[in-house]
Amino acid sequence: MAGKVAAPGTAVLLVTANVGSLFDDPENLQKNWLREFYQVLHAHKPHFVALHCQEFGGKNYEASMSHVDKFVKELLSSDAMKEYSRARVYLDENYKSQEHFTALGSFYFLHESLKNIYQFDFKAKKYKKVTGKEIYSDTLESTPMLEKEKFPQDYFPECKWSRKGFIRTRWCIADCAFDLVNIHLFHDASNLVAWETSPSVYSGVRHKALGYVLDRIIDQRFEKVSYFVFGDFNFRLDSKSVIETLCTKATMQTIRAADTNEVVKLIFRESDNDRKVVLQLEKKLFDYFNQDVFRDNNGTACTVSAATVEFVQLGRLLTDTYGQQLLYHCPHTVCAVSHFVIKRNV
């Protein structure tokens with residue numbers, strides 16, 4: 001989502017991207033990604049840029065440390081960023097701490113023309129003027145200019161740790177205060193589990209985790225301000241609805257492991273037509289015979305109704321519990337952009 005606004009004011013650009021794959025092939029993917037990012041900057045010419053990254057450093061953070069440093073250095077020193085004289089970079093690099101590591105990276109760039117920009121100190125409970133360029137990493141829990149949390153372990157499916165949590169910063173521009181929240185919610189760990197109920201158990205976990213973040217944002221510890229939540233929400237189509245739509249006339253065969261009797265595969269076959277295999281489903285496999293159904297008309301033939309379940313849940317959470325607050329989401333692995341202008345009331 002992006003739009004240009006001609007009215008005078010402070011132009012703000014919010015960008016979110018799951019960048020895990022960039023560190024698998026840094027020589028090619030990083031260069032291409034950064035080129036696209038710089039083109040977005042050129043198109044919108046924002047005064048304030050917030051870049052929220054998830055899976056920063058890739059799957060093996062320790063092995064990617066040199067690539068991480070190169071990525072950050074490139075962002076801070078490139079010609080495309082030369083007019084952004086102030087910056088704050090927050091990288092969760094504490095990969096050895098399983099109970100704290102989130103692999104989140106939050107980047108904030110302030111244009112040289114922007115005056116009197118302040119960032120909130122959550123420990124001192126006051127704003128501080130932003131000057132220069134600073135990078136914070138390792139143990140972000142002790143950094144007073146942000147709040148960072150990993151979700152409680154009992155939130156994680158099967159209570160297995162993964163890199164999911166949020167980072168919150170607060171800013172004041174043109175006398176307008178707002179929070180920016182970088183978030184990474186839970187993925188669907190198994191297709192076999194996800195399709196069992198509608199909505200799936202994973203949708204319920206995401207719903208619970210998002211509520212946890214919103215509760216933290218609007219609690220009584222600090223003054224309430226507007227907030228923007230943007231990151232990788234890991235929203236999925238409702239698997240049960242998708243499969244039932246695709247396999248309306250199919251029969252299902254269940255394959256179990258010989259030693260544990262656990263379901264390891266589902267095979268959906270046509271009732272006639274020589275019992276042709278329509279869909280094969282495993283923990284990490286979704287193999288449908290006709291891929292065109294997901295491409296034609298943007299996949300609306302099978303995905304519109306299936307997509308509504310989790311969004312309806314989200315809408316109820318925001319409307320019934322939190323009122324009309326602004327939430328900006330990014331589906332998994334998609335880079336999303338939002339552009340708006342802050343005006344000073346006269």
Side-chain angles (χ1 to χ4, degrees), residues 2 10-95 101-119 128-140 143-146 148 167 169-171 173 180 182 230-232 330 335-339:
T10 301
V12 177
L13 183 72
L14 308 180
V15 181
T16 179
N18 186 312
V19 295
S21 60
L22 299 188
F23 299 91
D24 295 335
D25 183 11
E27 289 302 316
N28 295 306
L29 294 180
Q30 279 191 27
K31 290 180 180 178
N32 293 336
W33 192 94
L34 287 169
R35 183 177 64 251
E36 294 295 326
F37 176 70
Y38 297 148
Q39 288 177 0
V40 170
L41 289 184
H42 180 73
H44 293 287
K45 296 179 173 55
H47 301 101
F48 180 92
V49 181
L51 169 61
H52 284 177
C53 297
Q54 306 81 41
E55 297 293 344
F56 196 76
K59 296 185 181 301
N60 189 341
Y61 201 101
E62 186 173 9
S64 300
M65 288 294 290
S66 61
H67 303 315
V68 167
D69 294 340
K70 183 178 180 180
F71 183 89
V72 175
K73 183 178 180 180
E74 162 64 25
L75 266 178
L76 292 176
S77 62
S78 69
D79 289 340
M81 305 297 293
K82 63 183 179 181
E83 294 182 358
Y84 295 89
S85 57
R86 290 151 293 172
R88 292 294 182 271
V89 177
Y90 301 104
L91 305 176
D92 187 0
E93 294 185 337
N94 192 17
Y95 59 87
F101 184 50
T102 63
L104 292 173
S106 296
F107 299 75
Y108 305 99
F109 303 98
L110 289 71
H111 195 270
E112 59 189 8
S113 65
L114 207 54
K115 309 299 181 184
N116 298 322
I117 306 303
Y118 299 89
Q119 186 180 2
K128 295 183 177 180
K129 190 171 183 178
V130 180
T131 59
K133 298 181 179 180
E134 298 177 0
I135 301 173
Y136 298 85
S137 59
D138 296 327
T139 308
L140 294 184
T143 303
M145 307 308 290
L146 59 81
K148 175 203 154 227
I167 290 178
T169 56
R170 176 170 292 190
W171 305 83
I173 301 176
L180 300 178
N182 187 356
F230 54 113
D232 185 351
C330 177
C335 180
V337 178
S338 182
H339 176 259

Is there a side-chain contact between [X] and [Y], using heavy atoms and a 4.5 Å cut-off?
X      : Y     : value
Tyr84  : Leu75 : no
Met81  : Leu41 : yes
Ile135 : Leu76 : yes
Lys70  : Lys73 : no
Leu104 : Phe56 : no

Non-hydrogen atoms of [X] and [Y] that approach each other most closely:
X      : Y      : result
Gln54  : Gly231 : NE2-CA, 3.4 Å
Trp33  : Ala17  : CZ2-CB, 3.8 Å
Asp79  : Lys82  : O-CG, 3.0 Å
Phe71  : Gln30  : CD1-OE1, 3.5 Å
Phe23  : Val19  : CD1-O, 3.4 Å
Gly105 : Leu91  : CA-CD2, 4.0 Å

- Task: For Glu134, enumerate each residue passing the salt bridge (Lys or Arg N to Asp or Glu O under 4.0 Å) test, keeping only those at least two apart in sequence or located in another chain.
- Result: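 Salt bridge (Lys or Arg N to Asp or Glu O under 4.0 Å) check on Glu134 returns Arg88.
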- Item | Qualifying residue for side chain to side chain donor-acceptor pair (under 3.5 Å) with Lys148, from Thr102, Thr143, Asp92 |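 Looking at Thr102, Thr143, Asp92, the match for Lys148 under the side chain to side chain donor-acceptor pair (under 3.5 Å) is Asp92.
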- Would Leu22 and His67 satisfy side-chain contact (heavy atoms from CB on, under 4.5 Å), going step by step from the backbone distance to the final call? CA-CA 9 Å; Leu22 299 188; His67 303 315; over 6 Å; no
Any donor-acceptor pair under 3.5 Å linking the side chain of [X] with the backbone of [Y]?
X      : Y      : answer
Asn182 : Cys53  : yes
Asn18  : Asp232 : no
His111 : Ser113 : yes

Enter the distance from [X]:[atom1] to [Y]:[atom2] here, rounded to the nearest 0.5 Å.
X      : Y      : atom1 : atom2 : answer
Lys115 : Leu110 : NZ    : CG    : 11.5 Å
Glu112 : His47  : CD    : NE2   : 10.5 Å
Leu180 : Ser106 : CG    : OG    : 8.5 Å
Gln119 : Arg170 : CD    : CZ    : 11.5 Å

- Item | Side-chain donor-acceptor pair present, Ser21, Glu55, cut-off under 3.5 Å |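 Absent: no donor and acceptor within the cut-off.
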- Query: Is it the case that Tyr90 and Thr169 place a side-chain donor and acceptor less than 3.5 Å from each other?
  - Reply: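 There is no such pair (donor and acceptor under 3.5 Å, judged by atom type) between the side chains of Tyr90 and Thr169.
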- Query: Any Lys/Arg nitrogen of Glu27 or Lys31 sitting under 4.0 Å from an Asp/Glu carboxylate oxygen of the other?
  - Reply: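 Yes, charged N to carboxylate O under 4.0 Å.
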- Task: Answer with yes or no after comparing the ring centroid distance for His52 and Tyr108 against a 6.0 Å cut-off, counting only values under it.
- Result: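 Yes, ring centres under 6.0 Å apart.
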- Do the ring centers of Phe107 and Phe37 come within less than 6.0 Å of each other?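 No - the distance between ring centres of Phe107 and Phe37 does not fall below the 6.0 Å cut-off.
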- Query: After noting the C-alpha distance and the side-chain angles of Val130 and Trp171, does the key distance pass the side-chain contact (heavy atoms from CB on, under 4.5 Å) rule?
  - Reply: CA-CA 10 Å; Val130 180; Trp171 305 83; 4.0 Å; yes
- Message: Apply side-chain contact (heavy atoms from CB on, under 4.5 Å) to residues Glu74 and Leu34 and explain how you reach the verdict.
- Response: CA-CA 9 Å; Glu74 162 64 25; Leu34 287 169; 3.3 Å; yes
